[in-house]
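Here the structure comes first, spelled out in structure tokens, and everything after it is commentary.
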Amino acid sequence: MAQETAERTPPLTALTEDEQIFRDSIREFAEARVRPLVREMDEHARMSPALVGQLFELGTMGIEVPEAYGGAGGRFFHSVLAVEEFSRVDPSVGVLVDVQNTLVINALLRWGTDEIKKRFLPRLVADTVGAYALSEAGSGSDAFALTTRAVADGDAFVLSGRKLWITNANEAGIFIVFATLDPAAGYRGITAFIVERGAGGFTVGKKEDKLGIRASSTCELLFDDCRVPRGNLLGEPGKGYKVAIETLNEGRIGIGAQMIGLARGALDAAIAYVKERKQFGKAIAEFQSVQHQIARAAVDVEAARLTVYNAARLRDAGKPFLTEAAICKIFSSEVAERVASLAVNLFGGNGFVKEYPVEKFYRDAKIGQIYEGTSNLQLQTIAKQLLG
Ligand SMILES: Cc1cc2nc3c(=O)[nH]c(=O)nc-3n(C[C@H](O)[C@H](O)[C@H](O)COP(=O)(O)OP(=O)(O)OC[C@H]3O[C@@H](n4cnc5c(N)ncnc54)[C@H](O)[C@@H]3O)c2cc1C
């Protein structure tokens, strides 16, 4: 009986053969093709267009899209593995892949009609980046206080307003945009639309100059009487809040994956460095206090990874995962900051300069506690589940 149960319940971190092959192919690609670009992309705050093309060729921009639409037909867990592996080398590439898969494609798969899936999924798999536009200047944590307006007009909706902080906006061709059809109805007026780059009245505005994940574009979106065909409605009118809540619950696991990848990247760099760097006549890895700091960071990374994998596997199993997703996001982002900070310390002066990779991990870590729901909002979700 015990033996049978053990066979039916594989360890959380044990990968199936196909997951392992997938993970290894991304790790190899990230080392060979992403690593050489990391510093330059960070300094110029620009994602390499050639790299974006290669991400499509590798099949990482439509991981869960069914084969019928040209995708790889993978599971959510594959997306998590991809985001983790890219983020181990560059969390900016990690978030590009994350938004594409865990927010944009996820929302289309769940809420898109057959017609929408046929029109947009093959493009997202082949060559078109997606973006997810919910936040505005006056509505971040209070996302449903958004004011971008949608007005029905014949066979179209007319959108007016501004979105802020939109990841991938510089590269994207397809945008999921949340607007309200009826401000008086509160969250019940919120509706999701698919807007294409080039639509009249739609412009991608100012690009933010950021502390971290600098190669990931974050821009303002401007809608001035932008006509969106009725066929581009995603989900039902007034049900956009459901689209947003449900996709963001999953998106949070993706951010958890970004953060554990980042923490592993920082820890791997620190381990290599402390074995090389000599002080007092020996490698600093030989000092017990350094060994304990490395061990403590490994405990953190392992624990965070378990929370992320658990949330992702629950999601793939069709089980509730709301609390687990919030737990994995808050914990992984704290671990990422802690481990990246330790890595900077262990690199000494070299940790503070751009020639070495860890100062970037430290800068990049901060975003994990902010986007897709700040840490306070994650705590609120967890507390609500516990306290009712
Ligand atoms: C680099 C980057 C990329 C982003 N990408 C996207 C994207 O692709 N799409 C998108 O739609 N948005 C995106 N965002 C926006 C992001 O999701 C918001 O910044 C985030 O949700 C926080 O909103 P805010 O900035 O308005 O902060 P605020 O909501 O003003 O929060 C400020 C502080 O107040 C706290 N706070 C607020 N309300 C409460 C409360 N009720 N209880 C306790 N504390 C509270 C917060 O925890 C935080 O510490 C991005 C942001 C950044 C910086």
Side-chain angles (χ1 to χ4, degrees), residues 61-65 69 71 79 95-125 128-136 139-140 143-144 146-150 156-181 187 189-199 201-205 216-223 226-252 254-255 371-373:
M61 298 297 272
I63 296 169
E64 285 179 81
V65 174
Y69 301 108
S79 299
V95 75
L96 182 130
V97 171
D98 174 63
V99 168
Q100 178 87 354
N101 287 288
T102 76
L103 292 183
V104 177
I105 287 175
N106 212 344
L108 293 185
L109 283 174
R110 184 181 304 207
W111 300 95
T113 56
D114 283 350
E115 167 66 18
I116 285 208
K117 288 180 188 163
K118 267 190 225 142
R119 278 173 62 207
F120 294 107
L121 288 176
R123 288 173 58 195
L124 286 161
V125 171
T128 308
V129 174
Y132 187 89
L134 179 64
S135 303
E136 299 179 1
S139 62
F144 297 152
L146 62 82
T147 59
T148 295
R149 190 82 165 85
F157 291 93
V158 179
L159 266 55
S160 314
R162 303 270 180 279
K163 293 287 173 186
L164 203 60
W165 310 116
I166 306 310
T167 299
N168 290 354
N170 205 36
E171 296 79 20
I174 293 171
F175 299 74
I176 296 180
V177 178
F178 294 86
T180 178
L181 277 170
Y187 73 91
I190 294 169
T191 305
F193 300 90
I194 301 169
V195 181
E196 298 194 50
R197 184 179 286 268
F202 168 43
T203 20
V204 176
S216 159
S217 64
T218 313
C219 311
E220 191 182 11
L221 307 183
L222 295 84
F223 300 93
C226 168
R227 281 185 81 80
V228 180
R230 263 186 188 271
N232 284 21
L233 197 62
L234 182 62
E236 289 170 44
K239 292 283 169 60
Y241 70 96
K242 265 177 96 75
V243 178
I245 289 174
E246 293 188 12
T247 39
L248 284 171
N249 284 340
E250 292 170 350
R252 271 169 205 145
I255 300 306
Y371 58 14
E372 297 204 31

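Only a predicted model underlies this, so the values are computations on that prediction, with no experimental measurement involved. These numbers come from the heavy atoms of this one structure, side chains and all, not from hydrogens, waters or symmetry mates.
One distance of note links NZ of K239 with CG of L233; it measures 11.5 Å at 0.5 Å rounding. For the atom pair CZ (R149) and CG (L181), the distance works out to 7.5 Å, reported to the nearest 0.5 Å. Here F144 contributes atom CZ and Y187 contributes atom OH; the two are 9.5 Å apart, rounded to the nearest 0.5 Å. In this structure, the separation between CD on E64 and CD on E250 is 7.5 Å, given to the nearest 0.5 Å. The CD1 atom of I194 lies 4.5 Å from the CZ atom of F120; values are rounded to the nearest 0.5 Å. Atoms CD1 and OH, on I176 and Y132 in that order, are 7.0 Å from each other to the nearest 0.5 Å.
Listed for the T191 side chain is a donor-acceptor partner under 3.5 Å among the backbone atoms of G238. For the pair K117 (side chain) and L108 (backbone), a donor-acceptor distance under 3.5 Å is absent. A donor-acceptor distance shorter than 3.5 angstrom exists from the side chain of R197 to the backbone of A172, with no hydrogens or angles considered. Between the side chain of N101 and the main chain of S79, no donor-acceptor pair closer than 3.5 Å is present. Of the possible polar contacts, none joining the E115 side chain to the N232 backbone as a donor-acceptor pair under 3.5 Å is found.
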Next on the checklist: Checking V125 against Y69 for the side-chain contact (heavy atoms from CB on, under 4.5 Å) test, could you report, in this order, the C-alpha distance in whole Å, the side-chain angles of both residues, the deciding distance, and whether it holds?
Outcome noted: CA-CA 8 Å; V125 171; Y69 301 108; 5.6 Å; no
Checklist entry - Going through the checks in order, is the side-chain contact (heavy atoms from CB on, under 4.5 Å) test met by L121 and L109? => result CA-CA 8 Å; L121 288 176; L109 283 174; 3.8 Å; yes
Item to check | L248/L103 under side-chain contact (heavy atoms from CB on, under 4.5 Å): CA gap, chis, key distance, verdict | outcome: CA-CA 7 Å; L248 284 171; L103 292 183; 4.0 Å; yes
Checklist entry - E171 and Q100: side-chain contact (heavy atoms from CB on, under 4.5 Å), yes or no, with the steps? => result CA-CA 11 Å; E171 296 79 20; Q100 178 87 354; over 6 Å; no
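F175 and F193 have their aromatic ring centers separated by at least 6.0 angstrom.
Among T128, V104, I105, V97, the single residue meeting the side chain to side chain contact (heavy atoms under 4.5 Å, CB included) criterion with M61 is V97.
Between V95 and T167, some side-chain heavy-atom pair lies under the 4.5 Å cut-off. L221 places a side-chain heavy atom less than 4.5 Å from the side chain of F202.
A pairwise comparison of heavy atoms in E220 and L164 identifies CG-CD1, 4.0 Å as the closest pair. Between D98 and G254, the shortest heavy-atom distance links the atoms OD1-CA, 3.1 Å. Nearest approach of V243 to L234, heavy atoms of both residues: CG2-O, 4.1 Å. Residues F178 and T148 approach most closely at O-CB, 4.1 Å, considering heavy atoms. In this structure, G130 and N168 approach most closely via the heavy-atom pair O-ND2, 3.2 Å. What you find for S139 and L146 is that their closest heavy atoms are OG-CA, 3.4 Å.
The side-chain contact (heavy atoms from CB on, under 4.5 Å) test applied to N249 returns I245, R252, F321, L322, not counting sequence neighbours.
With a 6.0 Å cutoff to the six-membered ring centre and a 45° limit on the axis angle, R162 does not count as a cation-pi contact of F223.
Environment of NZ in K242: sparse, with no more than 12 heavy atoms of neighbouring residues, nucleotides or ligands closer than 6.0 Å.
Judged purely by distance below 3.5 Å, without hydrogens or angles, the side chains of N106 and T102 never pair a donor atom with an acceptor atom.
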